[in-house]
Number of protein chains: 2
Amino acid sequence: MKKITIGEASRRSGVKVPTIRYYEGIGLLAAPSRSEGNQRSYETADLRRLTFIRHARELGFEVDAIRTLLSLQDEPNQSCASADAIAKARLVEVEQRIRSLTALKAELEMMVEGCGHGRVDQCRVIEVLADHGECMHSHH
Amino acid sequence: MKKITIGEASRRSGVKVPTIRYYEGIGLLAAPSRSEGNQRSYETADLRRLTFIRHARELGFEVDAIRTLLSLQDEPNQSCASADAIAKARLVEVEQRIRSLTALKAELEMMVEGCGHGRVDQCRVIEVLADHGECMHSHH
DNA sequence: CTACATCCTCTAGTGGCTAGAGGTGCAAGA
DNA sequence: TCTTGCACCTCTAGCCACTAGAGGATGTAG
């Protein structure tokens with residue numbers, strides 16, 4: 001068994017060193033064994049787990065959701081309904097976020113196009129922000 | 001001059017009461033005059049400013065950007081180049097965010113579609129997260 | 001005059017890290 | 001062997017933009 005230092009674990013998983021320690025602190029990653037000099041010593045299973053976490057975080061899953069996904073991963077006999085539900089919920093969130101960002105983009109484009117690059121009192125950027133009536137948002 | 005309480009200012013601007021006080025604390029909104037009983041008393045100008053802030057926050061502008069936008073608004077003779085630059089930067093951010101969320105959505109859809117609703121060891125949700133090679137992300 | 005909503009200040013907590021202080025361990029070169 | 005210098009350790013505090021709650025004062029309707 002080769003010992004993997006936290007630095008190497010970081011390099012190989014793409015998770016920063018303080019973040020690995022943070023994950024240990026919040027119980028997302030089990031505390032590894034220590035070397036004689038009290039330094040953390042990881043194994044390849046830990047690298048897999050870290051990569052899993054990093055990937056899930058990149059997909060925008062919250063730490064609590066990841067906790068659930070990890071516990072599911074540990075028991076392969078279980079039904080994957082929970083994992084499916086979590087992913088679906090995340091998909092709905094992402095779709096909603098894309099919709100609102102797209103509306104936003106249109107509004108920002110109107111602001112930027114309308115700005116005559118002159119003085120502030122003719123600038124649509126300020127105007128659109130200041131005047132509620134200009135706003136395209138449906139929720140107003 | 002009718003006095004506007006913080007609660008009414010909140011209702012009319014759409015900014016929550018503690019958030020208004022918070023904005024005062026960080027110097028985004030000037031401290032208003034007070035009633036005899038030490039209660040904040042706003043004027044219509046404050047309502048306009050609060051609405052401006054709320055709208056800018058909804059568009060995802062950071063508090064620091066809003067500070068700049070507000071100072072521009074206060075001096076209408078100035079060039080609007082800064083406001084334009086801020087809005088453009090925000091537009092670029094939003095476009096980037098939409099792109100990455102769209103990639104994400106595709107990945108989530110693949111995960112959810114692939115899940116056979118059986119046991120975890122056949123579930124693509126877990127599999128995709130665990131196995132780096134499955135990942136579509138370009139940055140890997 | 002009494003309820004009761006609203007207001008006040010203050011502190012602490014949220015999520016998911018990140019930065020820094022102040023110290024120890026370890027491997028390689030002189 | 002010594003020393004240089006990086007990587008590691010723990011701990012606390014900070015980030016953003018709020019939000020929650022304690023504990024008390026004020027204002028208003030019936």
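Chain identifiers are assigned alphabetically (A, B, ...) following the order of the sequence lines, protein sequences preceding nucleic acid strands; residue numbering begins at 1 within each chain.
- At dT18(C), one or more side-chain N or O atoms of Thr19(A) fall inside 4.0 Å of OP1 or OP2 (strictly under the cut-off).
- Applying the 4.0 Å criterion to OP1 and OP2 of dC18(D), one finds that Lys16(B) has every side-chain N and O outside that range.
- Separating the CD1 atom of Ile26(A) from the C1' atom of dG15(C) is a distance of 9 Å, rounded to the nearest angstrom.
- Between Arg97(A) and Glu93(A) no salt bridge is recorded (no basic side-chain N to carboxylate O distance below 4.0 Å).
- The NZ-P distance, from Lys3(A) to dA7(D), rounds to 16 Å in whole Å.
- Contact annotation for Glu36(A): no contact, since no heavy-atom pair falls under 4.0 Å across all strands.
- Atom-to-atom, CD of Glu24(B) to P of dA17(D) comes out at 18 Å; the value is rounded to the nearest Å.
- Distances shorter than 4.0 Å separate none of the side-chain N or O atoms of Arg34(A) from OP1 or OP2 on dC8(D).
- A salt bridge does not link Glu8(B) with Arg11(B): none of the charged nitrogens is closer than 4.0 Å to a carboxylate oxygen.
- Note on Arg54(A) versus Glu58(A): salt bridge recorded, some NZ/NE/NH1/NH2 to OD/OE distance being below 4.0 Å.
- In this entry the distance linking CG of Leu29(B) with C1' of dC18(D) reads 16 Å, nearest Å.
- For the pair Thr19(B) (side chain) and Val15(B) (backbone), a donor-acceptor distance under 3.5 Å is absent.
- Rounded to an integer number of Å, the gap from Tyr22(B) OH to dT19(D) C1' is 11 Å.
- Residue Ile20(B) contributes atom CD1, which lies 13 Å from atom C1' of dT6(C) at whole-angstrom precision.
- Using a 4.0 Å cut-off, some side-chain N or O of Tyr23(A) falls inside it from OP1 or OP2 of dC17(C).
- Contact annotation for Arg21(B): base contact, defined as any heavy-atom pair under 4.0 Å involving a base atom.
- Each of Pro18(A) and Asn38(A) has a nearest nucleotide on DNA chain C; the 5'-most of these lies closest to Pro18(A).
- Atom CD in Glu8(B) sits roughly 12 Å away from atom P in dT6(C) (whole-Å rounding).
- Along DNA chain D, the nucleotide closest to Gln39(B) and the one closest to Asp64(B) are compared, and the more 5′ of them pairs with Asp64(B).
- Backbone-only contact: Ile6(B) has heavy atoms under 4.0 Å from sugar-phosphate atoms and none from a base.
- Regarding contacts with the backbone of dC8(D), a side-chain N or O of Thr5(A) is found under 4.0 angstrom from either OP1 or OP2.
- Within the 4.0 Å cut-off from OP1 or OP2 of dC8(C), at least one side-chain nitrogen or oxygen of Arg40(B) is found.
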Derivation of the side-chain contact (heavy atoms from CB on, under 4.5 Å) call for Arg40(A) and Glu24(A) | CA-CA 11 Å; Arg40(A) 287 172 182 82; Glu24(A) 184 183 322; 2.8 Å; yes
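- In this entry the distance linking OH of Tyr42(A) with P of dA7(D) reads 16 Å, nearest Å.
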